[in-house]
Amino acid sequence: MKVLLVEDELKLGEYIKKGLTEAGFIVDHHMTGLDGYHALMTEEFSVVLMDVMLPDINGFELIQSYRAAGKHTPVLFLTAKDDLSDRVKGIEIGGDDYLTKPFAFAELIVRIKSLLRRANQSDYKNSVIQIADLKMDITKRSVHRGDTAIKLTAKEFSLLQFFLERQGEVLPRSVIASQVWDINFDSDTNVIDVAIRRLRLKIDDGFATKLIHTVRGMGYRLDALGTNINRNCTEKDESKKNEI
């Protein structure tokens with residue numbers, strides 16, 4: 001699940017991002033309201049963590065504009081103010097919850113999960129994604145192929161979840177890098193290829209149906225038909241060569 005964090009305090013923002021990443025979320029952190037608003041209007045998120053006192057625009061005004069645009073992503077306001085009037089205002093202009101700084105990280109996680117349940121986003125409580133005989137339970141953080149349990153690192157789990165949520169699509173390395181690693185893709189690095197190679201060894205090695213497929217010059221695709229598709233393409237290419 002992807003979280004948008006708009007927080008201008010660098011240390012607090014890094015602390016929240018690190019904790020949520022370790023909890024299995026993908027976090028997009030911005031330190032200004034304008035950058036956060038641009039992300040809100042151009043990307044999809046499961047939940048928004050919005051600081052109220054930002055250097056360029058008030059978080060309340062930002063979310064008010066966001067709601068006016070017809071957007072419904074759950075919003076949790078983060079603020080140092082504990083006035084009742086501020087809390088009421090935050091809810092009235094479109095916020096879903098309000099957390100006062102300083103706060104315990106465990107409480108933040110509980111609030112996020114509560115928002116996700118209420119919004120019924122991806123059925124967080126019982127979220128299972130499947131392709132062929134591969135099943136991922138997001139809540140239990142478990143993966144199986146048939147009756148075989150597969151142990152993945154946190155990053156491998158996030159990578160596989162991203163593939164499962166976009167199964168059948170050709171995913172360029174640049175998209176994988178930005179969505180799973182939260183980095184700009186560097187053509188000189190092979191971090192994506194290495195990670196996918198390791199994931200393949202765990203979920204494909206020893207199984208008849210291969211799920212992760214390389215699309216030459218484009219990226220990777222997760223599906224249960226890729227082997228046949230690739231073979232058909234190859235046969236067509238060979239046929240054309242023979243005709244020539």
Side-chain angles (χ1 to χ4, degrees), residues 1-9 12-13 16-17 20-21 23-81 83-101 103 107-129 138-139 158 161-172 174-176 178-180 182 184:
M1 300 216 176
K2 193 171 183 179
V3 175
L4 174 64
L5 170 63
V6 184
E7 170 58 64
D8 67 321
E9 295 181 37
L12 177 59
I16 294 174
K17 180 174 181 176
L20 290 179
T21 300
F25 294 92
I26 297 171
V27 183
D28 187 4
H29 177 209
H30 294 280
M31 298 181 64
T32 68
L34 292 177
D35 286 342
Y37 189 73
H38 177 73
L40 274 173
M41 300 303 291
T42 57
E43 301 179 45
E44 295 294 327
F45 297 93
S46 299
V47 69
V48 178
L49 307 181
M50 178 64 63
D51 186 19
V52 175
M53 301 302 292
L54 295 167
D56 53 347
I57 183 172
N58 185 281
F60 287 155
E61 296 176 10
L62 193 156
I63 293 304
Q64 190 169 26
S65 297
Y66 180 63
R67 293 295 189 228
K71 305 294 186 177
H72 304 289
T73 303
V75 175
L76 170 61
F77 283 116
L78 306 175
T79 179
K81 292 185 176 182
D83 295 338
L84 178 60
S85 59
D86 282 325
R87 281 181 283 167
V88 171
K89 180 179 180 180
I91 300 301
E92 286 181 340
I93 59 91
D96 298 277
D97 203 352
Y98 197 101
L99 190 56
T100 305
K101 304 174 186 178
F103 51 81
E107 182 179 4
L108 176 63
I109 289 290
V110 169
R111 298 288 187 99
I112 291 174
K113 289 182 178 180
S114 177
L115 288 177
L116 291 169
R117 283 196 298 270
R118 274 190 275 162
N120 196 29
Q121 293 224 353
S122 301
D123 192 13
Y124 186 84
K125 191 172 183 180
N126 299 295
S127 185
V128 176
I129 312 177
I138 297 174
T139 305
S158 296
Q161 182 179 344
F162 182 62
F163 271 123
L164 283 166
E165 290 173 346
R166 305 282 291 272
Q167 54 185 276
E169 297 182 31
V170 176
L171 301 173
S174 58
V175 172
I176 297 172
S178 64
Q179 296 297 310
V180 180
D182 193 26
N184 291 323

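- Under a cut-off of 6.0 angstrom, the local environment of CE in Met31 is crowded, with over 12 non-hydrogen atoms contributed by other residues, nucleotides or ligands.
- The two residues Val3 and Phe45 make their nearest non-hydrogen contact at C-CD2, 3.7 Å.
- Side chain of Asp56 to backbone of Gly33: a donor-acceptor contact under 3.5 angstrom is found.
- Across Gly24 and Ser158, no two heavy atoms sit closer than the pair O-OG, 4.4 Å.
- Between Thr32 and Pro55, the shortest heavy-atom contact is CG2-CG, 4.5 Å.
- The structure places CG of Asp97 at 10.5 Å from CZ of Phe77, a figure rounded to the nearest 0.5 Å.
- Across Leu49, Val6, Leu115, Val48, a single residue satisfies side-chain contact (heavy atoms from CB on, under 4.5 Å) together with Val75, and that is Val48.
- How far CE of Met53 is from CG of Asp8: 9.0 Å, rounded to the nearest 0.5 Å.
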Tell me which donor-acceptor pairs under 3.5 Å the side chains of residues 61-70 have, and how far apart each pair is, sequence neighbours excluded?
residue	atom	partner	partner atom	Å
Ser65	OG	Glu61	O	3.2
Tyr66	OH	Thr73	OG1	3.0
Arg67	NE	Gly94	O	2.9
Arg67	NH1	Lys71	O	3.0
Arg67	NH1	Thr73	O	2.9
Arg67	NH2	Thr73	O	2.9
Arg67	NH2	Gly94	O	2.9
Arg67	NH2	Asp96	OD2	2.9

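- The two residues Lys17 and Thr21 make their nearest non-hydrogen contact at O-OG1, 2.7 Å.
- Expressed to the nearest 0.5 Å, how far NZ of Lys2 lies from CG of Leu20 amounts to 14.0 Å.
- Using a 4.5 Å cut-off on side-chain heavy atoms (C-beta onward), Phe25 and Ile112 make contact.
- For Glu107, the side-chain hydrogen bond (donor to acceptor under 3.5 Å, both in side chains) criterion is met by Arg111, not counting sequence neighbours.
- Annotation: the span from Leu40 atom CG to Asp35 atom CG amounts to 11.0 Å, rounded to 0.5 Å.
- Here CG of Leu54 is found 12.0 Å from NE2 of His30. Values are rounded to the nearest 0.5 Å.
- Nearest heavy atom pair, residue Val27 against residue Leu5, reads CG1-CB, 4.1 Å.
- Contact check for Ile57 versus Tyr37: no side-chain heavy atoms found under the 4.5 Å cut-off.
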Quiz prompt | Evaluation steps, side chain to side chain contact (heavy atoms under 4.5 Å, CB included), between Phe103 and Ile16 | solution = CA-CA 11 Å; Phe103 51 81; Ile16 294 174; 3.9 Å; yes
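- Pairing each heavy atom of Leu164 with each of Gln167, the nearest pair is O-NE2, 3.0 Å.
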Exercise. Would you check, one step at a time, whether the test salt bridge (charged side-chain N to carboxylate O under 4.0 Å, His left out) holds for Glu7 with Lys101?
Key: CA-CA 12 Å; Glu7 170 58 64; Lys101 304 174 186 178; 2.9 Å; yes
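- Asp28 is not listed as a side-chain neighbour of Ile26, based on a closest heavy-atom distance of 4.5 Å or more.
- Here the straight-line distance linking atom CG of Asp51 with atom CG of Leu99 works out to 11.5 Å at 0.5 Å rounding.
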